[in-house]
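Naming: A, B, ... by sequence-line order, numbering from 1 per chain. Owing to the predicted nature of the structure, the values given are computational and were not obtained by experimental measurement.
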Amino acid sequence: MKFYNTLTRQKEEFVPQEKGVVRMYNCGPTVYSYPHIGNFRAFVFADVLRRYLEYRGLEVRQVMNITDVGHLVADADEGEDKLEAAARKEKKDPWQIAGYYAEIFHRIRKQLGFAEAMAFPRATEHIPEMIAIIEKLVARGHGYVVGNNVYFSVASFPSYGKLSGNLLDTLEAGARIEPHPDKKDPRDFALWKHDPKHLMQWDSPWGRGFPGWHIECSAMSMKYLGETLDIHTGGEDNIFPHHECEIAQSESATGKPFCRLWMHARFLLVNGEKMAKSAGNFFTVEDVFQRGVGPQALRYMLATSHYRQQMNFTWEGAESAKTSLERLAEFRRRLSDAHGAAPVAAVKPVVDKARKDFEAAMDDDLNISEALAAIYGLVREVNRLDPDPAAAAFVRDAFDRIDTVLNIGTAPPDVFSDDEKNLIDARAAARTTKNWAESDRLRKELEAKGVLVEDTPRGQRPRRARK
RNA sequence: GGCGGGUUAGCCAAGCGGCAAGGCAAGGGUUUGCAAAACCCUCAUACGCCGGUUCAAAUCCGGCACCCGCCUCCA
């Protein structure tokens with residue numbers, strides 16, 4: 001398996017530090033508002049990555065953090081905490097805000113079919129771990145205390161900038177932000193902050209205060225996964241300053257490499273532009289659900305665009321995704337109800353090729369487009385061959401195994417109301433007497449209820465129209 | 001200003017030196033009581049523009065144009 005490493009700017013063969021075990025940390029949501037579809041692009045990417053690593057037989061220890069304190073609205077040093085800003089606006093306390101939006105995040109990730117991570121640690125529950133690292137940094141001379149604040153000294157970490165390319169001597173910090181009077185160097189960032197107005201406060205060796213944003217990921221990743229991670233993921237905007245600062249403080253604290261492979265998902269655009277409320281192209285996950293793009297279709301769109309390529313979300317694309325999804329779901333359904341003649345021997349070479357192509361594609365930095373081509377090749381060939389029940393079962397096992405990665409091919413079983421069942425039965429009765437007019441009328445009536453009926457040599461096959 | 005990415009058929013999108021994957025849409029067939037689903041066929045002498053290297057370039061090199069992102073809260 002080769003993955004592109006932001007740190008080295010090239011694809012590298014992936015070898016976890018411990019044989020067979022992957023320690024992966026995913027930058028998760030800041031729970032201060034409804035998650036938008038761009039947020040979930042990065043999360044779906046992390047899920048597909050995790051699933052593929054498992055497909056390849058690795059044990060994945062996956063941790064995704066929930067940021068519920070410290071992430072400021074304006075800039076890294078001043079300004080209001082995102083949670084507190086939301087709290088003020090909604091007239092709730094920040095704990096309620098965090099709880100509410102964290103719950104929504106979890107609900108959506110389940111709807112989108114995410115594999116369960118090992119842990120979803122929350123920043124507010126790891127304050128002691130953060131304080132411990134900050135103390136270590138101060139003791140080692142990488143952090144300094146000014147009044148009740150603690151800052152990280154960027155100058156003490158010469159390789160600062162290795163991830164983002166924003167090297168120290170070219171970084172013009174303070175160019176757009178007013179330099180903070182307490183800082184020795186405008187590029188230094190806060191580890192611990194004192195602000196009497198802040199609603200979330202904890203005791204610390206430096207007095208009551210709250211942690212800086214970057215320190216949470218260092219503390220929580222090390223707690224759950226150890227001092228050196230195999231993989232760290234996030235959105236491309238995390239590269240700088242967030243991940244750059246994580247590296248600086250983590251490596252300064254431990255003296256060990258913090259993470260070996262950094263993977264970043266590029267932004268999702270809407271109509272070719274970055275999502276922004278002012279541009280009117282900002283969609284939360286709930287928004288797209290309400291506009292008829294269901295969880296599976298959204299997952300399909302997010303999972304089948306290459307993570308390292310900007311993705312352009314359009315409603316036309318969403319419709320296309322729904323159709324494609326339906327085709328896969330139909331294929332999968334048919335494999336459990338096959339009546340063809342092709343034996344296993346006929347179908348096996350097709351399956352073997354699809355599997356081989358799929359793996360080769362995914363091994364190459366998750367080349368999802370190529371992988372999908374392999375899947376559609378399988379679909380087309382198997383449909384053409386028309387397998388017998390044993391062959392269909394053989395294909396089904398292979399398809400399901402491949403789909404453990406993308407998790408897009410299985411359709412929920414169709415459920416029909418009593419009313420719908422009655423109509424279906426009535427139509428079957430009409431058909432026995434070749435009453436086509438009544439049959440067509442009932443088909444239309446069912447269609448209006450979202451039930452599509454197909455006639456096959458073995459009778460009717462009703463199914464729900466998909467969203 | 002610094003850094004990075006992009007420009008391939010109506011739309012989305014692989015390919016990154018050797019005759020242009022795949023999906024959606026569209027048109028024509030097979031099938032069907034009619035449909036649907038499925039399958040078959042058609043659908044880029046062509047890969048932003050101009051030069052160059054090469055037996056051979058969408059793929060390498062140089063230049064130009066346009067688009068997007070990061071550098072500042074943001075996945």
Under 4.0 angstrom, heavy atoms only, what part of the nucleic acid is [X] near: base, sugar-phosphate, or nothing?
| X | value |
| --- | --- |
| A:A373 | base |
| A:R308 | nothing |
| A:R333 | nothing |
| A:G38 | base |
| A:D455 | base |
| A:E319 | nothing |
| A:T304 | nothing |

State whether a side-chain donor-acceptor pair under 3.5 Å links [X] with [Y].
| X | Y | answer |
| --- | --- | --- |
| A:N312 | A:T314 | no |
| A:R427 | A:Q460 | yes |
| A:D68 | A:Y101 | no |
| A:N281 | A:E273 | no |

Nearest to side-chain heavy atoms of [X], which nucleotide of [options]:
| X | options | result |
| --- | --- | --- |
| A:F240 | B:A75, B:C71, B:C24 | B:C71 |
| A:R431 | B:A36, B:C34, B:G23 | B:C34 |
| A:T323 | B:G15, B:A25, B:A37 | B:A25 |
| A:E236 | B:G69, B:C24, B:A75 | B:G69 |
| A:R380 | B:G4, B:C40, B:C24 | B:C40 |
| A:E370 | B:G23, B:G5, B:A21 | B:A21 |
| A:E316 | B:C11, B:A21, B:A75 | B:C11 |
| A:H36 | B:A75, B:A37, B:G33 | B:A75 |
| A:E273 | B:C73, B:C68, B:A35 | B:C68 |

In whole angstroms, how far is the [atom2] atom of [N] from the [atom1] atom of [X]?
| X | N | atom1 | atom2 | result |
| --- | --- | --- | --- | --- |
| A:E447 | B:A37 | CD | P | 11 Å |
| A:I375 | B:A21 | CD1 | P | 19 Å |
| A:R327 | B:G23 | CZ | P | 6 Å |
| A:F358 | B:A21 | CZ | P | 21 Å |
| A:H339 | B:A37 | NE2 | P | 19 Å |
| A:D357 | B:G15 | CG | P | 14 Å |
| A:E381 | B:A38 | CD | P | 15 Å |
| A:Y376 | B:A14 | OH | P | 15 Å |

Could you give the distance separating [M] and [N] at their [atom1] atoms, to the nearest angstrom?
| N | M | atom1 | answer |
| --- | --- | --- | --- |
| B:C19 | B:A56 | P | 16 Å |
| B:A57 | B:G10 | C1' | 27 Å |
| B:G18 | B:C60 | C1' | 14 Å |
| B:G69 | B:G23 | P | 31 Å |
| B:A36 | B:G15 | P | 36 Å |
| B:G22 | B:C43 | P | 13 Å |
| B:A44 | B:U7 | C1' | 15 Å |
| B:C41 | B:A35 | P | 23 Å |

Between [X] (side chain) and [Y] (backbone), is there a donor-acceptor pair under 3.5 Å?
| X | Y | value |
| --- | --- | --- |
| A:Y52 | A:E359 | yes |
| A:D195 | A:K197 | yes |
| A:R299 | A:L112 | yes |

Determine which nucleotide pairs with [N], using a 3.5 Å limit on both distances of a Watson-Crick or G-U wobble pair.
| N | value |
| --- | --- |
| B:G10 | B:C24 |
| B:C16 | none |
| B:U54 | none |
| B:G4 | B:C68 |
| B:U59 | none |
| B:A36 | none |

Quiz item: Between A:K11 and A:Q309, which is nearer to the 5' end of RNA chain B once each is assigned its nearest nucleotide?
Solution: A:Q309
Quiz prompt | Closest-nucleotide 5' rank along RNA chain B - winner of A:F43 and A:R9 | solution = A:R9
Quiz item: Nearest heavy-atom pair of A:Y224 and A:M118: which atoms, and what distance?
Solution: O-CE, 3.7 Å
Exercise. Over 60° means perpendicular and under 30° means parallel, so classify the ring planes of A:W262 and A:H232, tilted if in between.
Key: parallel
Exercise. Kindly assign one of parallel, tilted or perpendicular to the pair A:H214 and A:H242, based on the angle between their ring planes and the thresholds 30° and 60°.
Key: tilted
Exercise. In plain terms, say whether A:R333 and A:D337 are close enough for a salt bridge, that is, a side-chain N and a carboxylate O under 4.0 Å apart.
Key: no
Practice problem: Identify whether the distance between the nearest side-chain nitrogen and carboxylate oxygen of A:R441 and A:E438 falls below 4.0 Å. | Solution: yes
Quiz item: For residues 343-354 of chain A, which residues have at least one heavy atom under 4.0 Å from RNA chain B?
Solution: none
Exercise. Go through residues 262-270 of chain A and report each residue with a non-hydrogen atom lying under 4.0 Å from RNA chain B, sorted by number.
Key: A:R266, A:F267, A:L268, A:L269
Quiz item: Can a side chain N or O of A:N312 be found less than 4.0 Å away from OP1 or OP2 on B:C68?
Solution: no
Quiz prompt | Phosphate OP1/OP2 of B:A38: any A:N383 side-chain N/O under 4.0 Å | solution = no
Quiz item: Checking side-chain contact (heavy atoms from CB on, under 4.5 Å) for the pair A:M24/A:L49: CA distance, chi angles, key distance, verdict?
Solution: CA-CA 10 Å; A:M24 177 165 79; A:L49 174 61; 3.6 Å; yes
Self-check item: Base B:G33 to side chain A:D440, donor-acceptor N/O within 3.5 Å cut-off
Solution: yes
Self-check item: Residue pairs passing the ring pair (Phe, Tyr, Trp, His ring centres under 6.0 Å) test where at least one lies in residues 353-394 of chain A, sequence neighbours excluded
Solution: A:Y55-A:F358
